[in-house]
Peer 1: 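Attaching a single structure in structure tokens format; questions to follow.
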Amino acid sequence: MGGPFWARKDARAWSIPKGEYLEDEDPLVAARREFAEEIGTAAPPGDYNHLGTFRQPSGKIITVFAAEADFRPEQIVSNTFPLEWPKGSGTIGDFPEIDDARWIGESEARTKLVKGQVPILDALIQLLPERSGGVVI
């Protein structure tokens, strides 16, 4: 995750691309849009699988999709967001929404993902025929 709060954190500080969508909007259409907004490139073409819906510790419910694709995470171009930082300082800065993306193995993903998203990794592992690849977070 990007922004100054997450800048020096690694363990339990990574997240999948996600965003909000309207009740009448197709969740896959919204997921592809949010991917493009956060990553800075269109979601790769592929056959997307619905991994499920997952309640986060914040109470948010996220709907997650996955696809096998030739994606190059080093080509991300994050958008930015305005934020008062340090909080209460009156100084507004623009910060990247994400600061890194990469392919990593399952065991490392389990330590890097925010705790509420580990069940998403479990759902992805159930879908995969073998565990030789990595996941982009």
Side-chain angles (χ1 to χ4, degrees):
M1 291 192 268
F5 178 79
W6 299 99
R8 292 180 179 79
K9 295 176 172 62
D10 191 47
R12 298 280 179 242
W14 289 66
S15 175
I16 63 169
K18 63 189 177 316
E20 296 183 22
Y21 64 96
L22 301 173
E23 199 172 302
D24 62 344
E25 187 175 13
D26 179 274
L28 180 56
V29 170
R32 293 174 66 93
R33 179 194 68 238
E34 292 294 330
F35 182 96
E37 285 179 13
E38 289 194 14
I39 302 295
T41 186
D47 295 326
Y48 282 83
N49 294 286
H50 179 244
L51 292 183
T53 55
F54 303 86
R55 181 175 296 279
Q56 300 301 283
S58 66
K60 281 186 179 179
I61 297 175
I62 58 177
T63 303
V64 181
F65 298 88
E68 184 175 344
D70 182 21
F71 177 71
R72 296 202 165 109
E74 66 274 5
Q75 295 178 346
I76 64 167
V77 180
S78 179
N79 62 357
T80 60
F81 65 95
L83 177 72
E84 178 185 27
W85 192 262
K87 189 174 182 170
S89 69
T91 303
I92 306 293
D94 282 325
F95 298 94
E97 190 160 349
I98 59 171
D99 59 11
D100 197 359
R102 63 179 85 153
W103 287 106
I104 61 173
E106 175 190 350
S107 62
E108 187 177 4
R110 289 189 182 283
T111 65
K112 289 186 179 293
L113 276 172
V114 292
K115 190 174 182 179
Q117 292 181 10
V118 173
I120 298 167
L121 180 60
D122 294 335
L124 177 62
I125 297 305
Q126 292 293 319
L127 181 71
L128 298 175
E130 57 185 68
R131 297 184 184 194
S132 61
V135 295
V136 172
I137 60 172

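Only heavy atoms go into these numbers, but all of them, side chains included; no hydrogens, no water, no symmetry mates.
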Peer 1: Quick one: do F54 and I16 end up in the same hydrophobic cluster if we chain Ile, Leu, Val, Met, Phe, Trp and Tyr together by side-chain heavy atoms under 4.5 Å apart?
Peer 2: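 In one cluster with F54: I16, yes.
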Peer 1: What about L127 and L28, same hydrophobic cluster or not, with Ile/Leu/Val/Met/Phe/Trp/Tyr joined at side-chain heavy-atom distances under 4.5 Å?
Peer 2: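 Different hydrophobic clusters.
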Peer 1: Kindly give the heavy-atom pair with the smallest separation between A31 and F65, and that separation in Å.
Peer 2: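 That would be CB-CD1, 3.8 Å.
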Peer 1: Restricting to non-hydrogen atoms, name the atom on P57 and the atom on G116 that form the minimum distance, rounded to 0.1 Å.
Peer 2: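 Closest approach of P57 to G116, heavy atoms only: CD-CA, 3.7 Å.
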Peer 1: Please walk me through it: do E34 and Y21 pass side-chain contact (heavy atoms from CB on, under 4.5 Å)?
Peer 2: CA-CA 9 Å; E34 292 294 330; Y21 64 96; over 6 Å; no
Peer 1: Just wondering, more than 12 heavy atoms not from D94 lying within 6.0 Å of its CG?
Peer 2: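 Buried by this count: over 12 neighbours within 6.0 Å.
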Peer 1: If every non-hydrogen atom of A101 is compared with every non-hydrogen atom of P73, which pair is closest and at what distance?
Peer 2: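 Where A101 meets P73 most closely, the heavy atoms are O-CB, 3.5 Å.
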Peer 1: Taking atom CD of Q56 and atom CD1 of I61, what is their separation to the nearest 0.5 Å?
Peer 2: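 Q56 atom CD to I61 atom CD1 measures 9.5 Å (nearest 0.5 Å).
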Peer 1: State which residue, out of K112, Q126, R110, fulfils the side chain to side chain contact (heavy atoms under 4.5 Å, CB included) condition with L121.
Peer 2: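 Result: among K112, Q126, R110, R110 is the only option passing the side chain to side chain contact (heavy atoms under 4.5 Å, CB included) with L121.
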Peer 1: Where do I39 and I98 land on the side-chain contact (heavy atoms from CB on, under 4.5 Å) test, with the steps shown first?
Peer 2: CA-CA 8 Å; I39 302 295; I98 59 171; 3.6 Å; yes
Peer 1: Test side-chain contact (heavy atoms from CB on, under 4.5 Å) on L113 and I120 and set out the steps.
Peer 2: CA-CA 10 Å; L113 276 172; I120 298 167; 6.0 Å; no
Peer 1: Given the rule in the side-chain contact (heavy atoms from CB on, under 4.5 Å) test, do E106 and I125 qualify, once you have shown the distances and angles that lead to the verdict?
Peer 2: CA-CA 8 Å; E106 175 190 350; I125 297 305; 3.7 Å; yes
Peer 1: Rounded at 0.5 Å granularity, tell me how far CD in E37 sits from CZ in R32.
Peer 2: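 The CZ atom of R32 is 13.5 Å from CD of E37, to the nearest 0.5 Å.
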Peer 1: Can you tell me if E74 uses its side chain to pair, donor with acceptor, with the backbone of R102 under 3.5 Å?
Peer 2: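 Between the backbone of R102 and the side chain of E74 there is no qualifying donor-acceptor contact (under 3.5 Å).
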Peer 1: Is there side-chain contact between E108 and W14, with at least one heavy-atom pair below 4.5 Å?
Peer 2: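 A side-chain contact is absent here, since even the closest heavy-atom pair is not under 4.5 Å.
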Peer 1: Can you give me the closest heavy-atom contact between I92 and P82, atom names plus distance?
Peer 2: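 It is CG2-CB, 4.0 Å.
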Peer 1: Are more than 12 heavy atoms from other residues, nucleotides or ligands located less than 6.0 Å from atom CD of E84?
Peer 2: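 Buried by this count: over 12 neighbours within 6.0 Å.
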Peer 1: Please check this pair: side chain of Q117 against backbone of S15, looking for a donor-acceptor N/O pair closer than 3.5 Å.
Peer 2: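 A pair under 3.5 Å: no.
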Peer 1: So, the side chain of S78 versus the backbone of D99: is there a donor-acceptor pair under 3.5 Å, distance only?
Peer 2: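 Not at all, since once roles are kept as given, no pair shorter than 3.5 Å links the two residues.
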Peer 1: Ring centres under 6.0 Å, that's the criterion: do Y48 and F35 meet it?
Peer 2: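 No, the ring centres sit 6.0 Å or more apart.
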Peer 1: Examine L51 and L128 and state if one hydrophobic cluster contains both, with Ile, Leu, Val, Met, Phe, Trp and Tyr joined whenever side-chain heavy atoms are less than 4.5 Å apart.
Peer 2: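 Same hydrophobic cluster.
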Peer 1: Evaluate whether atom CD of E20 has more than 12 neighbouring non-hydrogen atoms of other residues, nucleotides or ligands under 6.0 angstrom away.
Peer 2: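 Result for CD/E20: open.
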Peer 1: Students often mix this up, so state it plainly: with edges at 30° and 60°, are the rings of W103 and F71 parallel, tilted or perpendicular?
Peer 2: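 Judged by the thresholds at 30° and 60°, the geometry between W103 and F71 is perpendicular.
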Peer 1: Can you name the closest pair of heavy atoms from P45 and A69 and give their distance?
Peer 2: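 Taking every non-hydrogen atom into account, O-CB, 4.1 Å.
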